[in-house]
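Quick notes on the structure that follows.
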Amino acid sequence: LDRHQSAVLDSVLSGEVAFGVVIDPGDRELLECETILAEPFCLACPPRHRLARKRQVRWTDLAGESLVLLDHASGSRRLIDRALADHGVPHTVAQEVGHPTTIFRMLDAGLGVSVIPTLALPPEGLPRLAVRPLLPRVDREIVLVHRRNRALAPVAQAAWDLVREVAAQRR
C-alpha cells in the first residue's frame, strides 16, 4: 500500500499490513524499528536566487524566506519544522504540498525556496533548479517498522530482508 506516513503507521499497528517503511516514526513504544537509511535534507531554489550563489547553505540563511514545504502528512515535515525551530529560523510557509514534484514546479515558478530530502531529487537532477547542502547536516531516517512482540510471517520477513538489502546498496 502506498500511503502517507500516519496511515502507514496506523496500518502496521492495526495489523492490516505486516510492516511499513516510514520516516523516523517518533514514538516507537509499540513498534520494532530498523533504520535502513539516513539521508540529509538539502535546499532547492531557483538558480537566480541569492542562496544559489552559495556552495553550502546554513539553516540560518533561510531566515525570512518564503518556503514551499511538504505538508504535515509527510514524515519529513516534522523533522524540517524541528530543524528550523532548533536553528531559530524565522520564515513564512508560502505553500504546503503533498509531493516533491509539485515543490519543484512551484520553485521553478519563483514561489520560494524549499527544504527537501535528498532522496526526493530525481536521478537526472533538477536542471532548472539549484540544489545545495544544508549545514549543519540534518538527516532523516528511513525506518522499517512492524508491531512490537509480533514476529513477521516468513514471506513478510523475506520482503523485509529484501528492502533492507536494496537500501544497503544505496549507502
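Fair warning: this is a prediction, and the values are worked out from it, not measured in the lab. Just so you know, residue 1 is the first one in the sequence shown, and it goes up from there.
Nearest heavy-atom pair across P136 and W59 is O-NE1, 2.9 Å. The heavy-atom pair separating L70 from P117 by the smallest distance is CD1-CD, 4.2 Å. Between P46 and G112, the closest heavy-atom pair is CD-O, 3.5 Å. Considering all non-hydrogen atoms of both residues, A44 and L107 come closest at O-CD1, 3.4 Å. For the pair R137 and P40, the tightest heavy-atom approach, listed with the atom from each and the gap, is NH2-CD, 3.5 Å. Taking each heavy atom of S76 and R140 in turn, the nearest pair found is OG-NH1, 2.7 Å.
Residues forming a side-chain hydrogen bond (donor to acceptor under 3.5 Å, both in side chains) with D86 (at least two apart in sequence, or on another chain): none. Scanning for side chain to side chain contact (heavy atoms under 4.5 Å, CB included) contacts around A167 gives I36, L37, with sequence neighbours left out. Residues forming a ring pair (Phe, Tyr, Trp, His ring centres under 6.0 Å) with W160 (at least two apart in sequence, or on another chain): F19, H146. With sequence neighbours excluded, the residues that form a side-chain hydrogen bond (donor to acceptor under 3.5 Å, both in side chains) with R164 are E34, D161. Applying the ring pair (Phe, Tyr, Trp, His ring centres under 6.0 Å) test to H4 and every residue at least two apart in sequence or in another chain returns nothing.
Residue pairs satisfying the ring-ring contact (aromatic ring centres under 6.0 Å, His included) criterion with at least one member in residues 106-127, sequence neighbours excluded, are absent. Annotation: ring-ring contact (aromatic ring centres under 6.0 Å, His included) contacts involving residues 110-132, sequence neighbours excluded, are absent. Residue pairs meeting the side-chain hydrogen bond (donor to acceptor under 3.5 Å, both in side chains) criterion with at least one member in residues 119-136, sequence neighbours excluded, are D108-R128. Evaluation of the side-chain hydrogen bond (donor to acceptor under 3.5 Å, both in side chains) test over residues 65-74, restricted to residues two or more places apart or in two chains, returns H49-E65, R50-E65, H72-D81. Contacts classified as ring-ring contact (aromatic ring centres under 6.0 Å, His included) and involving residues 92-123 (residues at least two apart or in different chains) are not found. Note on residues 15-28: pairs passing side-chain hydrogen bond (donor to acceptor under 3.5 Å, both in side chains), not counting sequence neighbours, are R3-E16, S11-E16, D24-R28, R28-E141.
Just one of H91, Q95, E96 meets the side-chain contact (heavy atoms from CB on, under 4.5 Å) condition when paired with L67; it is H91.
How far CD of Q157 is from CG of L162: 11.5 Å, rounded to the nearest 0.5 Å. The line from CD1 of I116 to CG of L121 is 4.5 Å long, rounded to the nearest 0.5 Å. Distance check: R48 CZ to R53 CZ gives 11.5 Å after rounding to the nearest 0.5 Å. We find the CD1-OG distance between I103 and S114 to be 4.0 Å, quoted to the nearest 0.5 Å. L79 contributes atom CG, which lies 5.0 Å from atom CZ of F41 (distance to the nearest 0.5 angstrom). Separating the CG atom in L134 from the CZ atom in R58 is a distance of 10.0 Å, to the nearest 0.5 Å.
When hydrophobic clusters are built by joining Ile, Leu, Val, Met, Phe, Trp and Tyr residues whose side-chain heavy atoms come closer than 4.5 Å, directly or via intermediates, V68 is not grouped with L84. Under the 4.5 Å side-chain heavy-atom criterion for ILVMFWY residues, a single connected hydrophobic cluster contains both V21 and L119. The hydrophobic cluster containing L126 does not contain V113, counting ILVMFWY residues as joined when their side-chain heavy atoms lie under 4.5 angstrom apart, directly or transitively. Residues L111 and L69 do not share a hydrophobic cluster, defined by chaining ILVMFWY side chains whose heavy atoms lie under 4.5 Å apart. Criterion: ILVMFWY side-chain heavy atoms under 4.5 Å apart, direct or through other members. Under it, L62 and L135 are not part of a common hydrophobic cluster.
Taking Ile, Leu, Val, Met, Phe, Trp and Tyr as members and joining any whose side-chain heavy atoms lie under 4.5 Å apart, directly or through other members, the hydrophobic cluster of V143 also contains L1, V8, L9, V12, L13, V17, V22, L30, L31, V145.
Within the 4.5 Å cutoff, no side-chain heavy atoms of R77 are placed close to those of V115.
Here the side chain of Q56 pairs no donor or acceptor atom with the backbone of P133 at under 3.5 angstrom.
Salt bridge status for E39 with R170: absent, with no side-chain N to carboxylate O gap under 4.0 Å.
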